[in-house]
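Before any comments, here is the structure.
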Amino acid sequence: MQTPNVSVVTEFQLLGFQTLQEWQTLLFTIFLLIYLLTLTGNIVIIAVVSQNRRLHSPMYMFLQHLSFLEIWYTSTIVPLLLANLTSWGRAISFSACMAQLYFFVFFGATECFLLAMMAYDRYLAICSPLHYAFLMSPDTCRHLVALCWLTGVGTGFLPSMKISQLDFCGPNQINHFFCDLPPLRQLSCSSAHVTKMAIFLLSVAVLCVCFLLTLVSYVFIMSSILRIPSASGRRKTFSTCGSHLAVVTIYYGTMISMYVRPSAHLSPEINKIISVFYTVVTPLMNPVIYSLRNKDFKEAVRKAIRRQRGRCGVRVRGQVFIR
């Protein structure tokens, strides 16, 4: 007696924000604007850091890689979300869905590792300034960046492989705006207990460990800041580090609430709102917080603008005209 092949689903339907039909145009405009600002901000960071020798330091090398990652991370999700909001891009093939899932986990995990390395870099710079040049040499920085990317590549394989091995025999409607782990697991008609446990353990290892390392680094940084004799210096450093910590907390907090939590889950609509934060919002916030609040970077941007203005032959103080 032959065992029938129950994996009959060849494509999925992404339902997206179906409960907000009257808001589709507004949501499309908002997400498109955020996406364009995210691309522009991160491309500017990469270009400015590449062209300015003063910014060729470990901190900006990490920031440059983070910006490069954010471009691809948000591009894995947002274009399909925009197509979904126009109602003509809701169907996605099984293979394309698995590919999106892989790249989402790959880029998401790599961002966790990069954020942890950036926190460690700031810890060394603030808490061990005399040993910083030795401990975070350019070679060490490059090796840490390569480790982040390679670990991210490997991390993406387990979830996408385990999900692709499940049986999907209908329905094929994913109540989300992208191919995410929880809704895909819920659609499976085979036992997903082993898959669920494997993904849970991986999520704990990546999210909780990276968040803990980042948090510990900032605790030591804050304790060092408290020893700064100047009140204005303390306020300025607290403001910068506080902004960094706020973005990190939003990113890790929303991710942990989605992938490291008890079996009692939230409603699909709440899950979508949470997902918007770590797939759409944080890629926009990172370039703003990590660069535009940085004095050296802002000065490098001003020099780049003045240089470009000189090339155009327009030298009007305080203004930039494009011919």
Side-chain angles (χ1 to χ4, degrees), residues 14 16-17 19-20 23-46 62-63 65-85 100-101 103-116 118-119 152 175-183 203 206-207 210-211 214-215 218 239-261 266-294:
L14 294 168
F17 296 95
T19 59
L20 301 173
W23 299 95
Q24 299 290 297
T25 302
L26 178 61
L27 289 174
F28 178 87
T29 305
I30 292 172
F31 288 136
L32 177 61
L33 180 61
I34 292 175
Y35 180 58
L36 293 177
L37 288 174
T38 300
L39 293 182
T40 303
N42 286 294
I43 289 172
V44 167
I45 290 175
I46 294 171
F62 283 121
L63 180 60
H65 279 269
L66 180 65
S67 295
F68 178 77
L69 181 144
E70 294 289 25
I71 291 172
W72 292 104
Y73 178 55
T74 194
S75 296
T76 301
I77 305 297
V78 178
L80 189 61
L81 167 60
L82 295 174
N84 184 285
L85 290 169
Q100 186 189 44
L101 175 62
F103 284 109
F104 164 69
V105 177
F106 161 37
F107 291 128
T110 305
E111 180 163 352
C112 291
F113 302 137
L114 276 175
L115 290 174
M118 291 174 74
N175 195 4
H176 212 313
F177 58 84
F178 73 101
C179 293
D180 200 7
L181 293 165
S203 300
V206 174
L207 293 171
C210 287
F211 182 51
T214 304
L215 200 59
Y218 276 106
S239 174
T240 302
C241 290
S243 301
H244 292 181
L245 191 58
V247 174
V248 166
T249 302
I250 291 172
Y251 180 73
Y252 281 115
T254 52
M255 291 280 273
I256 289 172
S257 70
M258 279 294 294
Y259 305 109
V260 185
R261 65 185 182 191
L266 301 173
S267 70
E269 302 310 314
I270 297 296
N271 286 339
K272 293 173 193 177
I273 294 172
I274 293 173
S275 299
V276 165
F277 278 96
Y278 60 79
T279 59
V280 181
V281 177
T282 53
L284 173 64
M285 294 175 66
N286 278 331
V288 175
I289 298 298
Y290 283 98
S291 60
L292 297 184
R293 293 178 63 88
N294 184 288

Next item on the list: Decide side-chain contact (heavy atoms from CB on, under 4.5 Å) for Met255 and Val260; before the verdict, give the C-alpha distance in whole Å, the side-chain angles of both, and the deciding distance to 0.1 Å.
Entry: CA-CA 8 Å; Met255 291 280 273; Val260 185; over 6 Å; no
Margin query: Within this structure, what is the OG1-CG distance for the pair Thr38 and Leu33, rounded to the nearest 0.5 Å?
Written below: 9.0 Å
Checklist line | Closest approach of Met258 to Ser275 (non-hydrogen atoms, all atoms of both residues) | finding: CE-OG, 3.9 Å
Check: What pair of heavy atoms forms the shortest contact from Ile45 to Ser67, and how long is it?
Finding: CG2-OG, 3.3 Å
Check: Could you state the interatomic distance from CD1 (Ile71) to OG1 (Thr76), rounded to the nearest 0.5 Å?
Finding: 11.5 Å
Next item on the list: Check side-chain contact (heavy atoms from CB on, under 4.5 Å) between Ile273 and all other residues, then give those that pass, not counting sequence neighbours.
Entry: Phe277
Margin query: Would you call the rings of Tyr251 and Tyr278 parallel, tilted or perpendicular, taking 30° and 60° as the class edges?
Written below: perpendicular
Next item on the list: Please report the closest heavy-atom contact between Asn42 and Pro283, naming both atoms and the distance.
Entry: ND2-O, 3.5 Å
Next item on the list: Please tell me if the side chains of Thr254 and Thr282 come closer than 4.5 Å, counting only heavy atoms from C-beta onward.
Entry: no
Margin query: Suppose we screen for side-chain contact (heavy atoms from CB on, under 4.5 Å). Which residues come up paired with Ile30, at least two apart in sequence or across chains?
Written below: Leu26, Ile34
Notebook entry, point to check: Between Asn84 and Leu80, is there a donor-acceptor pair closer than 3.5 Å when you use the side chain of the first and the backbone of the second?
Noted result: no
Note to self: Using the side-chain contact (heavy atoms from CB on, under 4.5 Å) definition, which of the options Leu14, Val276, Leu27 pairs with Phe177?
What the structure shows: Val276
Check: Where is the tightest heavy-atom contact between Cys210 and Tyr252, given as atom of each residue plus distance?
Finding: CB-OH, 3.4 Å
Check: Does Trp23 reach the side chain of Phe17, with side-chain heavy atoms less than 4.5 Å apart?
Finding: no
Next item on the list: Indicate whether any N or O donor in one side chain lies under 3.5 Å from an N or O acceptor in the other, for Tyr35 and Ser75.
Entry: yes
Note to self: If we ignore hydrogens and angles and just use 3.5 Å, is the side chain of Thr40 paired with the main-chain N or O of Leu37 as donor and acceptor?
What the structure shows: no
Note to self: As a quick check of understanding, evaluate side-chain contact (heavy atoms from CB on, under 4.5 Å) for Phe211 and Leu115, giving each step before the final call.
What the structure shows: CA-CA 9 Å; Phe211 182 51; Leu115 290 174; over 6 Å; no
Checklist line | Tyr73 (side chain) donor-acceptor with Leu66 (main chain) under 3.5 angstrom | finding: no
Notebook entry, point to check: So Phe107 and Phe103, would you call those rings parallel, tilted or perpendicular, with 30° and 60° as cut-offs?
Noted result: parallel
Note to self: Could you work out, with side-chain contact (heavy atoms from CB on, under 4.5 Å) as the rule, every residue matching Leu32, not counting sequence neighbours?
What the structure shows: Phe28, Leu36, Leu82
Note to self: Nearest 0.5 angstrom please: Leu245 CG to Ile289 CD1, how far?
What the structure shows: 11.5 Å
Item checked: Stepwise side-chain contact (heavy atoms from CB on, under 4.5 Å) check, Lys272 with Asn175 -> CA-CA 9 Å; Lys272 293 173 193 177; Asn175 195 4; 2.8 Å; yes
Note to self: Pair Val280, Thr74 - check side-chain contact (heavy atoms from CB on, under 4.5 Å), show working.
What the structure shows: CA-CA 6 Å; Val280 181; Thr74 194; 5.5 Å; no
Checklist line | Check: Phe178 and Leu81 side chains under 4.5 Å, non-hydrogen atoms | finding: no
Next item on the list: Kindly compute the distance separating OG1 (Thr214) from CG (Leu114), expressed to the nearest 0.5 Å.
Entry: 10.5 Å
Next item on the list: For residues Tyr259 and Asp180, determine if any side-chain heavy atom of one lies less than 4.5 Å from a side-chain heavy atom of the other.
Entry: yes
Note to self: Quick check against the 3.5 Å criterion: does Glu70 have a side-chain atom that pairs as donor or acceptor with the backbone of Glu111?
What the structure shows: no
Checklist line | Leu85 and Thr25, any side-chain heavy atoms less than 4.5 Å apart | finding: no
Margin query: On a heavy-atom basis, which atom in Leu207 and which in Cys112 lie closest, and how many Å separate them?
Written below: CD2-SG, 3.6 Å
